[in-house]
Trainee: 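Let me begin by handing over the structure; questions about it come next.
Each ligand, and each atom within it, is numbered from 1 in the order the structure gives. Hydrogens, waters and symmetry mates are skipped; everything else that's a heavy atom, side chains included, is used.
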Amino acid sequence: MLKYQFLLITVLLALTDLIQGQNITTGNNTLDEESARNLMQRIDDVYWKSATAYRRFADDTLSPEILMREKLREFYDTMQKYDWKNFNDPLLKRQFQVILRGASYPPIDHKFKRATQLLKGMSRRKWVCKKEEPQKCKMAFVHQIKTIFTNSDNLNEIKYYWREWRNKLPLDVIQAFHYYIDYYRNLTVANETASKYWYDQYEDTNFLTELEGLMETIGPFYREMHAHLRHVLRIKYGKDIIPPTGLIPHHLMEQVTYQSWKKDSVLRNPFPENKLPNLQSELDDAGFSPFDLVNISARFFGSIGFENLTENFMHDHFIEMEPGSGGPDCKSRIFDFGEIEMNYCPKVYYKKLLQTHGDVSTIQYALAKNNLSVGLNQEASPGFGNALGEAVILSVSTPKHLQQRLGLLKDYEYDDLLNTNRLYRLAVHSLLTIPTYFVHEKLWVDIINKNISIADINCHYWNLMQKYMGVGKPVENEEGSTYDMPYKFYEGIVDQFRSTKKIFGEFLGYQIYRAVCLNIGEYQRGNAYKTLDNCDLAGNKQVGHLLNEMMSAGSSKPWREIIKPLTVRKLTHLTGTAFIEYYNSINEWLSEDNLSKNLQVGWTATDRCTKAQ
Ligand SMILES: *[C@@H]1O[C@H](CO)[C@@H](O)[C@H](O)[C@H]1NC(C)=O
Ligand SMILES: *[C@@H]1O[C@H](CO)[C@@H](O)[C@H](O)[C@H]1NC(C)=O
Ligand SMILES: *[C@@H]1O[C@H](CO)[C@@H](O)[C@H](O)[C@H]1NC(C)=O
Ligand SMILES: *[C@@H]1O[C@H](CO)[C@@H](O)[C@H](O)[C@H]1NC(C)=O
Ligand SMILES: *[C@@H]1O[C@H](CO)[C@@H](O)[C@H](O)[C@H]1NC(C)=O
Ligand SMILES: *[C@@H]1O[C@H](CO)[C@@H](O)[C@H](O)[C@H]1NC(C)=O
Ligand SMILES: CC(=O)N[C@H]1CO[C@H](CO)[C@@H](O)[C@@H]1O
């Protein structure tokens, strides 16, 4: 009875609208599924028009996700009038659910835009004075200070820049950070926690707990690596500087991170006599052009059964950037909302070869999902696309792929020793970056959930660095100084670069890779000829099928449902075990090496927050 009354009232209301000629929003006089479908059609048109405009007029401050959210704002009120939670059509229901996430956010104003710009740009902003010429204050973290961290072995110099960058943190950056805190804290009503909004696209308020579980899984491996790094730093800088037990000072850990791919670095390859190949000269010898990297990447997808990109498509949608326009990282610029375009780096080097495979993976993802109706055409969750790209990159970086598919490294006998060296470098990089992102993520979520006060941000940061990384504060800052987090923390709270995306993408990438490798039998546990770290996916149509299923699902299902068919056990959560399995050989080598050198593993932590009071 009540239901009918409600229906009557809504019909009456709609009729009144109609009579007054104002019913432009629902376009029909009922709020039924048919009219909902029509509404979606209209929103879809708006979406495509805006997406195309975005490609032409993007100013790069706000992410396309946020801009599209703003574009659809005018429809939220109308959409909320529908009883969408009780729709019969599951896809239509899902579409409402996904789009209406945007309704929780206040309209974007210039303050939000300004804060975003400040946080995104801080790594390139110049405020640090030269150590030798204190009146010259034009050094930015990227790339001046980073270059010093990477190349200097003068401890005073590294320490000076570590401290100065933090001591002189501009006030407007701090204000932007505080603005962001308020913004997320303000989203909540009553007793909600802000992580409900931070993790809305993961559809899990307590997603952090799942991420924390991953840290525990990789913990033992991390601690072995930590003991090893403490040892190599002792060799490099002396026993007086680095104690045999305890925390590694932050500035030196940052140096190790930046040096993970450097030839002459503090790192010591497990088998120094077995020289890693010079991939640059290999690529030079092969005579690849920048476009060849795109073509090679596109052919990877062709080989696993994706529809081949036509010559016309490639010439129209892949555009080489002007020399020098890509910045020092030479990152591709990809427009994957609506119409697709990729502006690629005009250089050829190994890292680019890998990244281009990731980029073309993004393009394939866009091709697979962009034709779904608005809302469903989104990434399954932030970082899902990164994970798919990561799985492809892991395949392309195998000695097997480089040799057999790309005809590189012809003169190398890629034996176990050489492979251990390769995995060592990769492991240092991954094992140091993942926990860093996690510490940033946890700090941020603890802040917005009001689990810690603003006054405790800094000490809490050091508590987390101790707990998860065995890293300590190198020097006490001057009085009145502010926060000690590196620039990646601030970038990591901006949606485009958010730390969640990196952690999620990394772990899920290894997870997808392992699942697919097991599925096609290229990885067999216990078979020394079918190891996970040398599993190549190229040429296998089953791989294409599995990847395409995930890509073409878009956002029509939660990410957990999308990964479910991958595994026999129907996993719907993240796991760190694929990561551990991938690095199994280097993990064993580290443990044995620690043992033979009698190194202590682990550290003790002290509570930096109670000490400060
Ligand atoms: C958060 O809410 C407070 C109180 O309503 C308001 O003064 C402040 O401007 C809001 N901040 C942001 C960033 O939305
Ligand atoms: C939040 O408040 C509501 C109503 O006041 C209550 O029912 C609910 O249990 C509370 N939730 C938590 C997590 O405290
Ligand atoms: C794509 O092109 C490759 C050759 O580059 C060919 O072997 C393959 O069959 C093509 N795939 C389709 C679906 O046409
Ligand atoms: C990509 O490479 C293949 C093989 O070298 C070549 O046949 C094809 O024309 C290239 N595609 C484009 C778009 O240049
Ligand atoms: C996808 O949408 C675009 C633009 O509306 C259209 O040109 C293209 O034919 C569609 N492709 C498919 C496979 O439906
Ligand atoms: C909140 O922070 C305190 C102290 O940092 C910690 O002990 C506690 O576990 C945290 N609670 C949650 C829910 O994260
Ligand atoms: C001395 C020391 O702590 N060595 C460790 C090195 O790694 C092995 C394997 O995990 C540990 O058992 C040793 O304790």
Trainee: Would you kindly specify which portion of Y179 sits under 4.0 Å from ligand 1, judged on non-hydrogen atoms: side chain, backbone, both or neither?
Mentor: both
Trainee: Can you find an N or O of H315 that's nearer than 3.5 Å to an N or O of ligand 4?
Mentor: no
Trainee: Would you call R333 and D359 a salt bridge, taking side-chain N to carboxylate O under 4.0 Å as the test?
Mentor: no
Trainee: Measure the distance from atom 9 (O) of ligand 4 to every protein heavy atom, then report the residue, atom name and distance (to 0.1 Å) of the closest one.
Mentor: E311 OE2, 2.9 Å
Trainee: Would a search of protein heavy atoms around atom 2 (O) of ligand 3 find one under 4.0 Å away?
Mentor: yes
Trainee: In plain terms, say whether K400 and E522 are close enough for a salt bridge, that is, a side-chain N and a carboxylate O under 4.0 Å apart.
Mentor: yes
Trainee: Starting from atom 11 (N) of ligand 3, which protein heavy atom do you reach first, and at what distance in Å?
Mentor: N308 ND2, 2.9 Å
Trainee: Which atoms of ligand 4 have any heavy atom of N295 under 4.0 Å away?
Mentor: 1 (C), 2 (O), 3 (C), 8 (C), 10 (C), 11 (N), 12 (C), 14 (O)
Trainee: Got a salt bridge between R69 and E74, using NZ or NE/NH1/NH2 to carboxylate O under 4.0 Å?
Mentor: no
Trainee: Among D495, T116, T61, which residue meets the side-chain contact (heavy atoms from CB on, under 4.5 Å) test with I66?
Mentor: D495
Trainee: Atom 13 (C) of ligand 3: which protein heavy atom is closest, and how many Å away?
Mentor: F306 O, 4.3 Å
Trainee: For atom 14 (O) of ligand 4, what's the nearest protein heavy atom and its distance?
Mentor: F291 CE2, 3.4 Å
Trainee: Measuring from atom NZ of K501 to atom CD of E379, what distance do you get when rounded to the nearest 0.5 angstrom?
Mentor: 6.0 Å
Trainee: Give me the nearest non-hydrogen protein atom to atom 5 (O) of ligand 3 as residue plus atom name, then the distance to 0.1 Å.
Mentor: R299 CD, 4.5 Å
Trainee: Quick one: CZ on F438 to CD1 on I503, what's the gap to the nearest 0.5 Å?
Mentor: 6.5 Å
Trainee: Regarding atom 10 (C) of ligand 1: of the candidates I181, N186, D182, L187, which has the closest heavy atom?
Mentor: N186
Trainee: Going by an N to O cut-off under 4.0 Å, is there a salt bridge joining K81 and D77?
Mentor: no
Trainee: Please examine the side chains of T500 and F207, heavy atoms only from C-beta on, and report whether any two atoms are closer than 4.5 Å.
Mentor: yes
Trainee: Under 4.0 Å from atom 7 (O) of ligand 1, is there at least one protein heavy atom?
Mentor: no
